[in-house]
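Contents: one structure, followed by commentary.
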Amino acid sequence: MSVANSQNLKAPQTAPKHRLGDEWLVGLASGTLSEGEAMFARTCLSFVPEAANDLALAQTLGGAALERAPKAALNAGARASLLAALDGAEMEPAAPSPAPDPATRKERQQGGVMPAVLQDYAGGDIDRMKWSYLGPGMKKVRLWQNDKGQTLWMLRAQPGVKIPEHTHEGTELTLVLKGSFHDAFGHYGPGDVEETDDSHTHDLVIDEGGECICLALTDRPLKFKGWIARAMQPFIGL
């Protein structure tokens, strides 16, 4: 799946510059994403109101359109594929997402760092997370992991921290919830998504001015270049 760069579009200053591709909407509507992928995508959409509207449209169009649309077409453009698939299809509205448990809603912090959908999933905002040590100036918390090693986790890093150089086995998606960071591939602020894979080697630097909190989805453990980071890896669980 891809990340779309909307940097050249006319949009409010708060709109993300780097967004998930439309195929994520198809994945959410068709139920083909893993639990971690679905939560990552929904959290991303919370930063992009128009994308949330597109998701509602995809869910309304439902399963019949998705089954009839060719796989290659879905990858090329989610909205166009869904609309093209409507010709002659009998449509039934997709089942609505289950409402959060009332007890969970009580834990939601208005104006918190984590969007409401992520707070409902995790049981509260950042102050309720069980953060563990990741490295100097860094903490992490694991939210979900499947039997294939795909992991949904959060990073909390202090200004000026440099995350050691690493590459990946599979894909790593990083969504900024608060603050910002930069690497050789760009600059990322709230709502922005960076996608990297085993063809990318990078080190992230947290910008000055405040801590950076991110939601990350990784297919496999990170592959650090330095021997110190590699030696620490079994203890930090990434």
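Computation of the quantities below employed the complete heavy-atom set of this structure, encompassing side-chain atoms and omitting hydrogens, waters and symmetry-equivalent molecules. Everything numeric here is computed off the predicted structure, so don't read it as measured data.
Scanning all heavy atoms of the two residues, the minimum distance from Gly209 to Pro159 falls at N-CB, 4.1 Å. Taking each heavy atom of Ala157 and Ile206 in turn, the nearest pair found is CB-CG1, 3.6 Å. For the pair Gly179 and Pro190, the tightest heavy-atom approach, listed with the atom from each and the gap, is O-CD, 3.2 Å. Heavy atoms only, all atoms of each residue included: Gly189 and Ser180 are closest at CA-CB, 4.1 Å. Between Leu215 and Phe40 the shortest heavy-atom distance is O-CE1, 3.4 Å. Minimum heavy-atom separation, Pro16 to Gly191: CB-O, 3.2 Å.
Within the 3.5 Å criterion, the main-chain N or O of Gly149 finds a donor-acceptor partner in the side chain of Thr151. With Asp125 contributing its side chain and Val113 its backbone, the two residues share a donor-acceptor pair below 3.5 Å. A donor-acceptor pair under 3.5 Å is formed between the side chain of Trp131 and the backbone N or O of Ile126. The main-chain N or O of Ala116 is never found under 3.5 Å from a side-chain atom of Gln119 such that the two would form a donor-acceptor pair. The backbone N or O of Val117 lies less than 3.5 Å from no partner atom in the side chain of Asp120, so there is not a single donor-acceptor pair. Within the 3.5 Å criterion, the main-chain N or O of Gly123 finds a donor-acceptor partner in the side chain of Arg128. Looking only at distances, a side-chain donor or acceptor of Ser132 sits under 3.5 Å from a matching main-chain atom of Lys140.
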Worked check of side chain to side chain contact (heavy atoms under 4.5 Å, CB included) between Phe47 and Arg19: CA-CA 9 Å; Phe47 286 90; Arg19 292 163 46 177; over 6 Å; no
Evaluation steps, side chain to side chain contact (heavy atoms under 4.5 Å, CB included), between Met154 and Met114: CA-CA 10 Å; Met154 292 180 63; Met114 296 163 61; 3.9 Å; yes
Intermediate values then yes/no, side chain to side chain contact (heavy atoms under 4.5 Å, CB included), Trp144 and Trp153: CA-CA 7 Å; Trp144 170 88; Trp153 59 286; over 6 Å; no
Side chain to side chain contact (heavy atoms under 4.5 Å, CB included) between Leu173 and Glu195, worked out: CA-CA 5 Å; Leu173 290 161; Glu195 180 176 13; 3.5 Å; yes
side-chain hydrogen bond (donor to acceptor under 3.5 Å, both in side chains) between Thr218 and Gln150, intermediate numbers included: CA-CA 6 Å; Thr218 51; Gln150 189 178 51; over 6 Å; no
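Val205 and Val161 fall into different hydrophobic clusters, where Ile, Leu, Val, Met, Phe, Trp and Tyr side chains are chained together by heavy-atom contacts under 4.5 Å. One hydrophobic cluster holds both Leu143 and Leu33 under the rule that ILVMFWY side chains link at heavy-atom gaps under 4.5 Å.
A distance of 10.5 Å separates CE of Met129 from CD1 of Ile213, quoted to the nearest 0.5 Å. Leu45 CG to Leu25 CG: the interatomic distance, rounded to the nearest 0.5 Å, is 6.0 Å. Summarising the geometry, atom CG belonging to Leu152 is positioned 10.5 Å from atom CD belonging to Gln145; distances are rounded to the nearest 0.5 Å. Atom SG of Cys44 and atom CG of Leu177 lie 9.0 Å apart (nearest 0.5 Å).
For the pair Thr32/Glu37, no side-chain contact is recorded, criterion being any heavy-atom separation below 4.5 Å from C-beta on. Looking only at side-chain heavy atoms (C-beta outward), Tyr121 and Glu35 come within less than 4.5 Å of each other. Side-chain contact check for Leu155 versus Ile163: some heavy-atom pair is nearer than 4.5 Å. Using a 4.5 Å heavy-atom cutoff, the side chains of Leu118 and Met39 are in contact.
Between His18 and Tyr188, the ring planes are tilted. Angles from 30° to 60° get that label.
Between the side chains of His187 and Asp192, no donor-acceptor pair is found at a separation under 3.5 Å.
Residues passing the side chain to side chain donor-acceptor pair (under 3.5 Å) test with Thr174, sequence neighbours excluded: none.
Among pairs with a residue in residues 143-161, those fulfilling salt bridge (Lys or Arg N to Asp or Glu O under 4.0 Å) read Arg156-Glu211, at least two apart in sequence or across chains.
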